[in-house]
Asks: 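Please see the structure below; I have some questions.
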Amino acid sequence: MSEQLYDFGMVGLGVMGRNFLLNVADNGYSIIGLDTDKGRAAAIEAEAEGKPAKGTTDMKTFVAALKTPRKIMLLVPAGKIVDAVINSLLEFVEPGDLIIDGGNSFFVDTDRRLAHLKDKKIDFLGVGVSGGAKGARFGPSIMPGGTKRAYNKVRKILEAVSAKVGGEPCVAYMGKGSAGNYVKMVHNGIEYAMMQLLAESYDILKHIGRLSNAELHAAFAKYNRGRLRSFLVEITAAIFQQEDELGKGMLIDKILDKAKQKGTGKWTSQNAMDFGIPVPTIDAAVTMRGISALKSEREAAAEVLKVRTSKAKVDKNQLVKTVGDALYFAFITAYAQGLALLADASREKKYGLDMEAIARIWRGGCIIRAALLEDIRQAYSAQPELPNLMVDPAFAKKLRSTQAATRGMIKQAIDAGIPTLAFSTSLAYFDAYRDGRLPLNLVQAQRDHFGSHTYERTDREGIFHTEWK
Ligand code: 6PG
């Protein structure tokens with residue numbers, strides 16, 4: 001009798017890899033996992049609960065046990081490990097096989113790997129997977145990039161394992177080359193922005209509104225029942241209910257105010273700068289993680305830079321409503337920035353991104369899933385070349401109706417000395433984008449004054465230089 005051959009292989013049986021692989025098994029495919037850790041490799045068979053599954057620590061056995069053309073996914077830490085695994089696999093795989101990188105790889109690395117593997121006639125997909133451990137297990141949002149031919153080899157499996165919204169799978173072919181990793185990177189940039197906006201809301205509600213953790217829970221739970229409904233608002237509400245297992249009180253009050261980062265938010269900002277596309281709310285979120293890391297400096301500065309601030313007495317219910325409006329306003333600007341960057345990257349890198357499809361597959365499974373994404377999908381369906389989400393008529397209306405509350409909330413925060421870098425930049429982005437006459441004529445004048453860099457005029461064509469007095 002011949003040995004059983006498996007439909008799908010996974011390299012890396014950490015939380016994400018194991019969960020994704022079990023999800024594949026749940027959908028009727030036979031699976032095999034490879035990990036250097038014996039325990040993890042052995043565990044996968046039991047975890048598959050009777051479904052055809054195997055675990056191994058030996059790469060040769062792993063590759064030989066897969067049906068051809070092989071479908072091998074990697075869920076290992078981004079960076080050098082991905083290259084090391086690919087190079088080891090190259091010893092055993094054959095032309096026509098497919099390698100899928102499911103980690104948060106830097107898109108430049110993906111382009112390099114694609115070129116390298118193309119030479120060897122191995123198909124390669126750079127795939128963004130979002131939704132954390134639970135998403136991987138029960139339905140993530142999946143953003144595949146590479147050749148269409150490679151995608152078609154796994155399309156059915158990815159559609160089966162992905163999250164579903166109204167019966168539609170949260171996966172779609174994103175585009176050529178590193179399109180999948182680029183879309184995932186920007187997803188994470190938006191994720192950073194939304195998380196920072198939620199943190200600033202918390203600060204305002206806690207320190208201006210003096211809301212208790214129970215009241216904070218109620219406020220965010222209420223937001224989540226309305227137009228702000230989203231995964232991040234939902235988990236924020238839940239966080240305020242979590243008791244500390246190691247002591248008295250609530251866990252949130254014991255967590256150090258230093259946020260770490262693996263780099264995808266920073267890459268989004270860096271790349272947006274390279275393309276000249278403004279993403280100020282994402283930049284603000286990355287900056288705030290940086291400031292948060294300066295814990296001891298901040299503590300010392302708290303004494304040196306003590307200033308008098310005023311906290312006006314506020315009506316809690318009114319404040320909760322105002323903050324909810326401001327969050328809605330700022331979430332829209334964050335999505336607008338990320339999507340504008342994607343549209344530009346698509347042109348620059350010839351990805352051929354379909355903005356409606358991106359909004360569609362972000363509606364479920366991923367970290368930034370939100371009720372708003374269906375509205376965003378509709379906006380791009382009506383106008384695929386929309387220059388900016390903010391000028392879609394429905395979104396313009398949403399922004400116009402919440403901008404006054406946003407201004408009011410930021411003023412209160414300024415008076416109270418509460419930093420609102422993300423909210424303030426969201427509002428400034430909106431105000432700058434809708435300003436047909438920015439003061440940057442002065443910047444041009446200065447450039448020409450000190451560097452003869454020339455300028456253009458409003459009243460006639462051409463390039464001008466002045467000998468400034
Ligand atoms: C997701 C997340 C995930 C990311 C974490 C941590 O979509 O499931 O974006 O991919 O790794 O959010 O990111 P940071 O460590 O940079 O905060």
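Quick note: residue numbers are just sequence positions, from 1. Heavy atoms only: backbone and side chains are in, while hydrogens, waters and symmetry mates are out. We count ligands from 1, going down the list as the structure has it; atoms in each ligand are counted the same way.
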Asks: Are any of the side-chain nitrogens in Asp325 or Lys321 under 4.0 Å away from the carboxylate oxygens of its partner?
Replies: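 Result for this pair is yes, salt bridge flagged.
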
Asks: Indicate whether any N or O donor in one side chain lies under 3.5 Å from an N or O acceptor in the other, for Lys184 and Asn188.
Replies: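 Short answer, yes.
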
Asks: Quick check on contacts: which atoms of ligand 1 are under 4.0 angstrom from a heavy atom of Asn188?
Replies: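 What qualifies from ligand 1 is 4 (C), 7 (O), 9 (O), 10 (O).
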
Asks: What do the steps show when you test Arg137 against Asp26 for side-chain contact (heavy atoms from CB on, under 4.5 Å), and what is the final call?
Replies: CA-CA 9 Å; Arg137 184 70 186 84; Asp26 283 350; 2.6 Å; yes

Asks: Using a 3.5 Å cut-off on N or O atoms only, is Val129 in polar contact with ligand 1?
Replies: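 No, since none of the N or O atoms of Val129 sits under 3.5 Å from an N or O of ligand 1.
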
Asks: Ignoring angles and geometry beyond distance, decide whether Lys262 reaches within less than 3.5 Å of ligand 1 through its nitrogen or oxygen atoms.
Replies: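 N/O-N/O distance below 3.5 Å exists for this pair.
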
Asks: For Asp375 and Lys398, what are the C-alpha separation, side-chain angles and deciding distance, and is it a salt bridge (Lys or Arg N to Asp or Glu O under 4.0 Å)?
Replies: CA-CA 11 Å; Asp375 301 346; Lys398 294 178 204 291; 3.2 Å; yes

Asks: Name the orientation class of the two ring planes belonging to Phe329 and Phe430 (parallel below 30°, tilted from 30 to 60°, perpendicular beyond 60°).
Replies: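 Perpendicular.
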
Asks: Tell me whether Ile367 has any N or O atom under 3.5 angstrom from an N or O of ligand 1.
Replies: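 By distance alone, the answer is no.
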
Asks: I need the nearest protein heavy-atom contact for atom 2 (C) of ligand 1: residue, atom name and distance, please.
Replies: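 Checking every protein heavy atom, the shortest distance to atom 2 (C) of ligand 1 gives Glu191 OE1, 3.4 Å.
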
Asks: Check if Lys184 has a non-hydrogen atom at a distance under 4.0 Å from any atom of ligand 1.
Replies: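 Right, Lys184 reaches ligand 1.
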
Asks: Where do Ala193 and Ile282 come nearest, in terms of heavy atoms and distance?
Replies: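 Shortest heavy-atom separation between Ala193 and Ile282 comes out as CB-CG1, 4.1 Å.
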
Asks: Among all protein heavy atoms, pick the one closest to atom 8 (O) of ligand 1 and tell me residue, atom and distance.
Replies: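 Ranking protein heavy atoms by distance from atom 8 (O) of ligand 1, first comes Gly131 N, 3.0 Å.
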
Asks: For atom 16 (O) of ligand 1, grab the closest protein heavy atom and report residue, atom and distance to one decimal in Å.
Replies: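 It is Tyr192 OH, 2.5 Å.
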
Asks: Around atom 11 (O) of ligand 1, find the nearest protein heavy atom and jot down its residue, atom name and distance.
Replies: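 Atom 11 (O) of ligand 1 sits closest to the protein heavy atom Asn104 ND2, 3.3 Å.
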
Asks: What residue and heavy atom of the protein are closest to atom 7 (O) of ligand 1, and at what distance?
Replies: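 Ranked first by proximity to atom 7 (O) of ligand 1 is Ser130 OG, 2.5 Å.
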
Asks: Tell me whether the rings of Phe240 and Phe220 are parallel (<30°), tilted (30 to 60°) or perpendicular (>60°).
Replies: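 Answer is parallel, since the angle falls under 30°.
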
Asks: Within the 4.0 Å heavy-atom shell around His187, which atoms of ligand 1 are there?
Replies: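 Taking each heavy atom of His187 in turn, ligand 1 has 7 (O) under 4.0 Å.
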
Asks: State if Gly132 counts as touching ligand 1 under the rule of any non-hydrogen atom under 4.0 Å.
Replies: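 Distance cut 4.0 Å: Gly132 passes for ligand 1.
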
Asks: Check ligand 1 against Gln261 and write out every atom of the ligand that is under 4.0 Å from a heavy-atom position of the residue.
Replies: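 Heavy-atom distances to Gln261 below 4.0 Å select 15 (O), 16 (O).
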
Asks: Say whether Asp7 and Ser30, considering side chains only, have a donor N or O and an acceptor N or O under 3.5 Å apart.
Replies: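 On atom types as modelled, these side chains qualify, holding a pair under 3.5 Å.
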
Asks: Do Tyr429 and Val279 have side chains that approach each other closer than 4.5 Å (heavy atoms only, starting at C-beta)?
Replies: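 Not touching, per the 4.5 Å side-chain cut-off.
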
Asks: For atom 17 (O) of ligand 1, find the nearest protein heavy atom and state the residue, atom name and distance (0.1 Å precision).
Replies: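 In this structure, atom 17 (O) of ligand 1 has Arg289 NH1, 2.7 Å as its nearest protein heavy atom.
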
